[in-house]
Amino acid sequence: MAGLWRAYQSLMSRYPWTVQIVTAGSLVGVGDVISQQLIERRGVAHHNMRRTAKMMSIGFFFVIKGPVIGSWYKVLDRLVVGGSRSAAMKKMLVDQLCFAPCFLAAFFCVSGAVNGLTVEDNLGKLQRDYADALISNYYLWPPVQIANFYFVPLHHRLAVVQVVAVGWNSYLTWKANKM
């Protein structure tokens with residue numbers, strides 16, 4: 001496992017954007033597989049590969065968790081300087097009050113468009129699902145982010161988020177594809 005981590009870090013240092021984009025798309029795809037198999041209990045025979053491919057494309061081209069979130073963390077470190085508990089709390093608040101609501105709304109709009117929803121249907125889905133998803137976000141991410149901002153060095157924060165995001169992506173893909 002340590003060897004895989006070193007290889008990943010080596011690739012990240014040489015090709016950061018490429019590795020982050022591939023990682024983000026793959027993790028959204030894994031999240032959709034988990035959603036279809038464990039949450040929706042479709043079974044392998046009824047797995048919707050097209051849906052998984054669509055969700056992966058959102059991960060590759062929109063979510064781009066690596067570059068977007070990695071850059072966001074650098075901005076946060078400039079906005080709120082320091083590594084104290086107070087600074088970690090402030091970073092989490094800025095993250096959860098500014099970035100999370102916008103990112104979540106954009107994710108739902110993009111996934112609706114990719115799934116072929118009309119503008120009216122997409123807005124209706126956003127009105128129906130956004131508040132619930134945002135509340136769920138607030139149950140999961142604040143404690144993760146406080147720990148991430150307080151205990152984890154900047155260059156490893158993205159990895160922490162990506163590990164937690166496997167479960168979060170499962171929820172998001174289920175929510176985004178629930179019609």
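Note that the structure is predicted; figures quoted are calculated from it, not measured.
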Taking it one step at a time, do Lys90 and Leu76 satisfy side-chain contact (heavy atoms from CB on, under 4.5 Å)? CA-CA 9 Å; Lys90 289 175 187 172; Leu76 269 179; over 6 Å; no
Are Gln145 and Lys91 close enough, and set up right, to give a side-chain contact (heavy atoms from CB on, under 4.5 Å), and what steps lead you there? CA-CA 8 Å; Gln145 292 296 53; Lys91 287 176 188 177; over 6 Å; no
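The number of heavy atoms from other shown groups lying within 6.0 Å of CZ (Arg85) does not exceed 12.
Partners of Arg6 under the side chain to side chain contact (heavy atoms under 4.5 Å, CB included) rule, at least two apart in sequence or in another chain, are Ala2. By the side chain to side chain contact (heavy atoms under 4.5 Å, CB included) test, Ser26 pairs with Val22, sequence neighbours left out. For the salt bridge (Lys or Arg N to Asp or Glu O under 4.0 Å) test, residues two or more places apart in sequence or in another chain that qualify with Arg42 are Glu40. For Thr118, the side chain to side chain contact (heavy atoms under 4.5 Å, CB included) test picks out Glu120, Asp121, with sequence neighbours left out. Remark: Val30 pairs with Ile34, Val166 by the side chain to side chain contact (heavy atoms under 4.5 Å, CB included) rule, at least two apart or across chains. With sequence neighbours excluded, no residue forms a ring-ring contact (aromatic ring centres under 6.0 Å, His included) with Tyr150. Judged as a salt bridge (Lys or Arg N to Asp or Glu O under 4.0 Å), and not counting sequence neighbours, Lys54 has no contacts. Taking the salt bridge (Lys or Arg N to Asp or Glu O under 4.0 Å) definition, one finds that Arg157 meets it with Asp77, sequence neighbours left out. Remark: Phe108 engages no residue in a ring-ring contact (aromatic ring centres under 6.0 Å, His included) (not counting sequence neighbours).
The hydrophobic cluster containing Val163 does not contain Met12, counting ILVMFWY residues as joined when their side-chain heavy atoms lie under 4.5 angstrom apart, directly or transitively.
Taking the six-membered ring where tryptophan is involved, the planes of Trp174 and Tyr171 are tilted, since the angle between them lies from 30° to 60°. Between Trp72 and Phe99, the two ring planes are parallel [angle under 30°; tilted spans 30° to 60°].
Pro142 and Asn137 get closest at one heavy-atom pair: CD-O, 3.5 Å.
Considering CD1 of Ile58 and OG1 of Thr173, their distance stands at 9.5 Å, rounded to 0.5 Å.
Side-chain heavy-atom separations under 4.5 angstrom define the hydrophobic clusters, and the remaining members of the one that includes Ile135 are Tyr139. Side-chain contacts under 4.5 Å among hydrophobic residues (ILVMFWY), followed directly or transitively, place Val33 with no other residue at all.
Counting only residues at least two apart or in different chains, side chain to side chain donor-acceptor pair (under 3.5 Å) contacts with residues 97-116 comprise Asn115-Asn177.
Residues Asp95 and Trp141 have side chains not in contact (no heavy-atom distance under 4.5 Å, counting atoms from C-beta outward). A heavy-atom distance below 4.5 Å is not found between the side chains of Phe60 and Val28. Proximity of Trp5 to Gln9: side-chain heavy atoms (C-beta onward) are separated by under 4.5 Å at one or more points.
With no hydrogens or angles considered, a side-chain donor-acceptor pair links Thr52 and Gln36 at under 3.5 Å.
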